[in-house]
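Please read the structure below before turning to the comments.
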Amino acid sequence: MNETFLQRPEFQKLGEQKIAILQELAQKAKGKEPMELLELLQIYGQKLTGGNAIAPAERTALLTAMEESLENEEKMQFQKAVQMLKIMGKL
């Protein structure tokens, strides 16, 4: 994940604690298979929100953090998995 990603205004609004969670997520997401990424997404979504409903800005930040940590081929697989979840109404 590059530094400019974390410097975007929409991420700065989340605060230092949530940015740290996103950094941790991005590190753990590297090299993972799509199903592992979805599991991480669920785990870190709960960490990010403290178990509450996830706000749209937090969801966007979470997905972007995961996507930024992936290589091109992994990115495409992740995007397909996210699209599937959106179609199923789970995201």
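Sequence positions, counted from 1, serve as the residue numbers for this chain. The structure displayed is predicted, hence computed values, not measured ones.
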Next item on the list: Test Leu63 against Phe78 for side chain to side chain contact (heavy atoms under 4.5 Å, CB included), laying out the working first.
Entry: CA-CA 9 Å; Leu63 293 173; Phe78 179 70; 3.9 Å; yes
Notebook entry, point to check: Among all residues two or more places apart in sequence or in another chain, which pass the salt bridge (charged side-chain N to carboxylate O under 4.0 Å, His left out) test with Lys32?
Noted result: none
Item checked: Within-4.5 Å side-chain heavy-atom neighbours: Gln23 and Gln27 -> no
Checklist line | Which residues share a side-chain hydrogen bond (donor to acceptor under 3.5 Å, both in side chains) with Gln79, sequence neighbours left out | finding: Glu67
Margin query: For a 4.5 angstrom cut-off between non-hydrogen side-chain atoms, does Ile43 reach Leu25?
Written below: no
Item checked: Crowding at CD, Gln77 (>12 non-hydrogen neighbours, <6.0 Å) -> yes
Notebook entry, point to check: Taking atom CD of Gln17 and atom CG of Leu48, what is their separation to the nearest 0.5 Å?
Noted result: 9.0 Å
Check: Should we say atom NZ of Lys75 is surrounded by more than 12 heavy atoms from elsewhere, each under 6.0 Å from it?
Finding: yes
Next item on the list: Applying salt bridge (charged side-chain N to carboxylate O under 4.0 Å, His left out), name anything that partners Lys47, two or more places apart in sequence or on another chain.
Entry: Glu24
